[in-house]
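In each ligand, atom 1 is the first atom listed, and ligand 1 is the first ligand listed. Owing to the predicted nature of the structure, the values given are computational and were not obtained by experimental measurement.
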Amino acid sequence: MQLVNLKVASEQVSFLQAVRTGLGQQQGLFFPTEWPKLDCDALLALPLVERSTEIMQALFGDELSQDDIRQMVQQAFTFPAPLHPVKADVFCLELFHGPTLAFKDFGGRFMAQALAKAQQQQKVTIVTATSGDTGAAVAQAFYRQPGVQVVILYPKGKISSLQEKLFSTLGENITSVAIEGDFDQCQALVKQVFDQQELVQRLNINSANSINISRLLAQVCYYFEALAQVPAERRKDVVFAVPSGNFGNVTAGLIAKALGLPFKRMVAATNINDTVPRYWREGQWLPKATQATLSNAMDISAPNNWPRVEALLEQGIIQRHELEAVAVDEDDTQLGMRQLAADGYISEPHAAVAYKALKRSLQSGEIGIFLGTAHPAKFKEQVENILGCPIALPSVLAKCQAEPSLSKELPADFAALQQLLNELDPDA
Ligand SMILES: *Cc1c(COP(=O)(O)O)cnc(C)c1O
């Protein structure tokens with residue numbers, strides 16, 4: 001697999017190099033310029049692990065053996081992604097049955113596998129920003145792995161307490177840092193780290209954000225899994241609605257389309273942090289200050305993966321009419337949760353944003369699939385307040401809820417972060 005730096009076209013890397021480096025020169029993202037066309041009918045007849053192995057093999061089989069790839073997929077995808085019927089022709093693709101109850105488990109766990117292949121035996125420090133769910137998925141995927149230090153930055157007070165407890169209680173090789181700022185500031189700090197050549201090399205720093213191509217390729221696989229659950233003759237009518245923050249999930253869906261997955265179109269749904277919907281409508285990229293919402297994992301106004309979406313459009317791989325961008329406000333998000341509950345489906349704010357966007361966009365004859373990106377229990381308080389019904393905690397959440405948070409606090413200041421990184425025990 002050949003990837004180019006979208007800012008510095010002369011920088012070209014292989015899949016494993018892109019996994020190892022994360023971000024290219026001038027903070028450019030790595031992305032392929034060509035995609036193989038897959039035999040999707042045959043693929044959709046296979047079970048998840050076999051199918052995903054074949055998809056990955058078609059993408060980077062020139063760099064790893066089929067046995068290696070199968071083993072990576074097997075270790076990463078240990079839980080299902082069922083399509084849950086909500087009403088006639090509307091389904092939720094439930095991506096929250098992994099160990100940390102969010103879709104980030106697919107990418108986080110697969111990245112851990114890919115990084116092990118890319119790094120060989122070297123020590124590595126993973127520095128990542130989380131808007132809520134990446135932190136837990138990445139922390140769990142690398143917890144107690146020898147030679148790996150993980151530093152997780154998150155916006156203090158801006159993620160749900162259960163989201164926080166899922167990673168801040170682990171300790172050992174997981175350092176969690178509450179930043180006095182919003183997610184965009186956390187993400188900017190991570191990017192600044194990558195500008196420090198000496199530091200990056202000394203600590204062998206990597207990022208586990210959706211900057212890393214391995215996460216996106218893992219996510220491609222569940223779009224296939226969704227369509228495999230739709231009768232063959234209806235697949236071409238499917239519209240996916242994706243609750244979007246950093247636009248990694250949307251990028252993965254568009255990659256699936258580039259590979260030939262025969263669905264109709266995608267709706268990118270944001271909350272009131274609507275940089276992309278405004279850009280889509282008005283043609284101007286004008287991020288505003290990030291606002292806190294119920295769907296906190298999407299409180300992002302400078303989405304990192306957008307240049308990849310632009311690349312797919314500019315290269316003519318994806319057509320403009322195959323993507324729509326819709327913003328959903330807070331009242332509508334709550335309304336979506338209540339409407340879903342009235343149909344017997346308890347959901348949470350992120351999925352509800354996608355559901356409302358889907359309802360606005362869906363035409364007759366189409367099948368709508370919105371992505372359930374997190375388990376409702378991760379947002380227990382909000383969900384109970386809005387729906388007025390009690391939410392039971394799955395055992396992983398009940399367990400970490402009772403444990404103390406081990407987070408450190410830092411200002412949104414690079415010097416402070418640099419000091420913390422320098423103090424990490426390199427031999428731990
Ligand atoms: C991360 C996250 C999103 C946003 O996904 P992107 O790939 O960043 O667009 C949506 N919902 C939940 C629950 C998340 O954790």
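Shown in contact with D133 at under 4.0 Å from a heavy atom are these atoms of ligand 1, numbered in order with element: 12 (C), 13 (C), 14 (C), 15 (O). Near A297, meaning under 4.0 Å from one of its heavy atoms, ligand 1 places the atoms 2 (C), 12 (C), 14 (C), 15 (O). The ligand atoms of ligand 1 that sit less than 4.0 angstrom from a heavy atom of F247 are 6 (P), 8 (O), 9 (O). Within the listing of ligand 1, atoms 4 (C), 6 (P), 8 (O), 9 (O) sit less than 4.0 angstrom from a heavy atom of G245. For ligand 1, the atoms closer than 4.0 angstrom to any heavy atom of P243 are 4 (C), 5 (O), 10 (C). Per-residue contacts place G248 under 4.0 angstrom from the following atoms of ligand 1 (heavy atoms of the residue considered): 6 (P), 7 (O), 9 (O). Remark: ligand 1 atoms within the under-4.0 Å shell around heavy atoms of N249 are 7 (O).
Ligand 1 is never approached by A102 to a heavy-atom distance shorter than 4.0 Å. Under a 4.0 Å heavy-atom criterion, F96 is not in contact with ligand 1.
Residues F106 and F79 place their aromatic rings such that the two centres sit under 6.0 Å apart.
A heavy-atom distance below 4.5 Å is found between the side chains of P303 and N246.
Note that CG of L217 and CZ of F15 are 5.5 Å apart. Values are rounded to the nearest 0.5 Å. For the atom pair CD (Q71) and CD (Q113), the distance works out to 6.5 Å, reported to the nearest 0.5 Å. Atom-to-atom distance recorded for K380:NZ and L393:CG is 5.0 Å, nearest 0.5 angstrom. The CG atom of L340 sits 8.0 Å away from atom NZ of K87, with the distance rounded to the nearest 0.5 Å.
At under 3.5 Å, a nitrogen or oxygen of N246, whether backbone or side chain, sits near a nitrogen or oxygen of ligand 1. Polar contact check, A374 against ligand 1: no nitrogen or oxygen pair lies under 3.5 Å apart.
Counting only heavy atoms of the protein, atom 12 (C) of ligand 1 lies nearest to T373 OG1, 3.4 Å. Residue, atom and distance of the protein heavy atom nearest to atom 2 (C) of ligand 1 are K104 NZ, 2.5 Å. Among protein heavy atoms, the minimum distance from atom 5 (O) of ligand 1 is reached at F103 CZ, 3.5 Å.
The pair E409-K156 meets the salt-bridge criterion, since a charged nitrogen lies less than 4.0 angstrom from a carboxylate oxygen. Under the 4.0 Å criterion applied to side-chain N and carboxylate O atoms, D274 and R278 are assigned as salt-bridge partners.
Between the side chain of S301 and the main chain of K288, a donor-acceptor pair closer than 3.5 Å is present.
Remark: of the listed residues D332, N296, D299, D299 is the sole one forming a side chain to side chain donor-acceptor pair (under 3.5 Å) with N271.
Neither the backbone nor the side chain of E348 comes within 4.0 Å of ligand 1, counting heavy atoms alone.
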